[in-house]
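These notes are about the structure you will find just below.
This structure is a prediction, so every number in the text was calculated from the model and none was measured. Each chain gets a letter, A, B and so on, in the order its sequence line appears, and its residues count up from 1. Below, all heavy atoms of this structure are taken into account, side chains as well, without hydrogens, waters or symmetry copies.
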Protein chains: 2
Amino acid sequence: MSDPSLAHRPTLEAVAARAGVSRATASRVVNGSDGVRAPLAERVRRAVDELGYVPNQAARTLVTRRNDAIAVVVAEPETRFFSDPFFAQQVRGISKELTAHDNQLVLLLTEGAADYERVGRYLAGGHVDGALLFSLHDDDTLPGLARRAGVPTVIGGRPGWSDADTLYVDCDNRGGAREAVRHLLDGGRRRIAHIAGPLDQTASVDRLEGFRDALPGTDPGMIIEGDFTPEGGARAMADLLDRCPDLDAVFAASDVMASGALRVLRTRGVRVPEDVAMVGFDDIVSVAEWTDPPLTTIRQDIEEMGRMMARLLLRRVSPGPGQQESPALSSIVTPTQLVVRASA
Amino acid sequence: MSDPSLAHRPTLEAVAARAGVSRATASRVVNGSDGVRAPLAERVRRAVDELGYVPNQAARTLVTRRNDAIAVVVAEPETRFFSDPFFAQQVRGISKELTAHDNQLVLLLTEGAADYERVGRYLAGGHVDGALLFSLHDDDTLPGLARRAGVPTVIGGRPGWSDADTLYVDCDNRGGAREAVRHLLDGGRRRIAHIAGPLDQTASVDRLEGFRDALPGTDPGMIIEGDFTPEGGARAMADLLDRCPDLDAVFAASDVMASGALRVLRTRGVRVPEDVAMVGFDDIVSVAEWTDPPLTTIRQDIEEMGRMMARLLLRRVSPGPGQQESPALSSIVTPTQLVVRASA
DNA sequence: ACCGGGTCAGAGAGCGCTCTCACGCAGCGC
DNA sequence: GCGCTGCGTGAGAGCGCTCTCTGACCCGGT
């Protein structure tokens, strides 16, 4: 093998021997538990340094039943996970929070149903202490899989069913959408269309609901389902223009779709915001600030939501010191905020 | 705990008992090794099903010293990993290849030097069988870290030093850059500028070399260092226009920077490709096809390169059946290809 | 001087698995 | 019929660690 150092890696036994203590004491020192007198502890620490000892995680896991690892499962069959900065930011937040708690992030990408079985095996295999599930669609089997595997779970985005035992983190999609439309109304717009996300996801449905809240009785023809991609946004915009050439505003359910829609407007020579105003959703800075014109949108703190998911999960996995049982953990819905730029 | 099923999970022992065989035989069946007679094997398999047995990975790792997991370490302190689709595609390729070989992908994001220590600990902890390193900068300490940890490694992109023992996968940056510039020359362009990537990375340096190959003696003022972000590309473009208003072409070292540069050109009313031609690098479809105008660029098969990295690493980790020692594994440099769209 | 209580260290039993080794039982040649 | 080979199975020894349980020791109180 190419890695000799893996072969003769010092064990706790070796450290103990060198420090002249028992394995138990060495273990105590390594794990920072108190009750070891200073001089002894010092000897052990020196031995650890000299030998370059690093605990064998597998052995430790075998007895403690903890992995200090969390799986992030992305149920996005298509390429969206990576093209959409939304996930990126969320994962970043998760990563930071996990790192802060000395947990590892194991990324599981699924592309198609066949992968679900693999993910199920993995979760059941006890590799991880918990799982973060993303981007679920209608009656997704992933949560059931995780539950059967006995793995604590937190979901990104409100799932399609209600269940007190299911934890999730989401933003106030409906309220945010309402605010977006109100802003358009305040700007004097009257013929407002909506480019929705895929309606098998609650985020899309909730945003559509918010749109309807602010604009009851809207002609269904003014609502088109997109797919959260720029191309989808572009297609929807083109359709919309064909159906209803005199529309004066669009609320797109994501910045990414809005960017596609803006491109179509520009191509068709429609001025934004003079002829048509546009509001997006997400406030993905790298998109919203760089569209032409910069995009007015509904901000959600995506990275923070990622952190929250991780925090919630970690607490569910190991109830902190002091509290015995998880102290009634509950799902989190974060507020949104209108960010006005040039497009509306 | 919230997961009772984790608590009383059946062991191999239980399976063996139920099937009326020894633990050894049960293990043989579970691991698919031959030499167990059919009826016995069938009994074991039934027991596995009935009990819902899943092997305990920690116990297995403890004795086999294999994790079936690979770390992907991204040395990108800034937010680039997630905003740049380049990484995304690469990770996708890696993920696919690892999945095909039943390996897990453990993602380690580093943001700053402090994280290096954590990564070092993790690698040394024997959690993974190998590591894929990305986006290294000059004299990055990551490879040393991995080596000391005794973890087989493959690097994405040619590292800044030469070392027969270091495996990497990269594309022909220099050749690709040369081709880009030649295309511009063929189009009759004569005042060609270059927006380089950060010059502490070999990809940037190599592309710059290629640029110089095709255009020896270029005024250094026509070369500006960017940072592989759209903003950096925009800034560089602005500078370039100020310094040299009569330039007639730009070769940007990445599509992402090219997109930023194109925005600036549009803002300044410079027509592309009439006044200024633009060639990018990477062929990130979601960027290159959607710029205005669509971007002529140098294609590298990023996803495939990800696959190659994974394949190389897996082979290094466990030499396949047949060959004893790794059969002289070597680094891979893939060809590039000019993709002509509208911008040049 | 004796004893009870508290503190700190060590002994040792596993955690669940793999894998070597030994053993039993065919089938073969002589 | 005897040993020999060879295949299929079981016994058992660890892998490296944690953690409980026990015991040694020291202290103060009587």
More than 12 foreign heavy atoms under 6.0 Å from CG of Asp34(B): is that the case here? no
Please tell me which of the listed nucleotides, [options], lies nearest to the side chain of [X]?
| X | options | result |
| --- | --- | --- |
| Thr11(B) | dC17(C), dG10(D), dT9(D) | dC17(C) |
| Ala59(A) | dC17(C), dC17(D), dT18(D) | dC17(D) |
| Val63(A) | dG10(D), dC17(D), dC17(C) | dC17(D) |
| Ala24(B) | dC17(D), dG16(C), dG10(D) | dG10(D) |

Can you tell me the distance, in whole Å, between the [atom1] atom of [X] and the [atom2] atom of [N]?
| X | N | atom1 | atom2 | answer |
| --- | --- | --- | --- | --- |
| Gln57(B) | dT18(C) | CD | C1' | 12 Å |
| Asn67(B) | dC15(D) | CG | P | 18 Å |
| Leu62(B) | dG14(C) | CG | C1' | 12 Å |
| Arg9(B) | dC15(C) | CZ | P | 16 Å |
| Glu13(B) | dA11(D) | CD | P | 10 Å |
| Leu12(B) | dA11(D) | CG | C1' | 15 Å |
| Glu42(B) | dT9(D) | CD | P | 14 Å |
| His127(A) | dG16(C) | NE2 | C1' | 14 Å |

At less than 4.0 Å, is any side-chain N or O atom of [X] found next to OP1 or OP2 of [N]? Yes or no.
| X | N | result |
| --- | --- | --- |
| Ser22(A) | dG10(C) | yes |
| Arg60(B) | dT18(C) | yes |
| Asn56(B) | dC15(C) | no |
| Thr25(B) | dG10(D) | yes |
| Ser27(B) | dT18(C) | yes |
| Arg65(B) | dG16(D) | yes |

Hey, which sits more toward the 5' end of DNA chain C by its nearest nucleotide, Arg23(A) or Arg37(A)? Arg37(A)
Please confirm whether any donor atom in the side chain of Arg28(A) sits under 3.5 Å from an acceptor in the base of dT18(D), or the reverse. no
Would you say the side chains of Asn31(B) and Ser27(B) form a donor-acceptor pair under 3.5 Å? yes
Does the side chain of Asp102(B) come under 3.5 Å of the side chain of Tyr122(A) through a donor N or O and an acceptor N or O? no
Can a donor-acceptor pair be found, under 3.5 Å and without considering hydrogens, that links the side chain of Asp49(A) to the backbone of Ala47(A)? no
Tell me if a side-chain donor or acceptor on Asn67(B) pairs with a main-chain N or O of Gly126(B) at a distance below 3.5 Å. yes
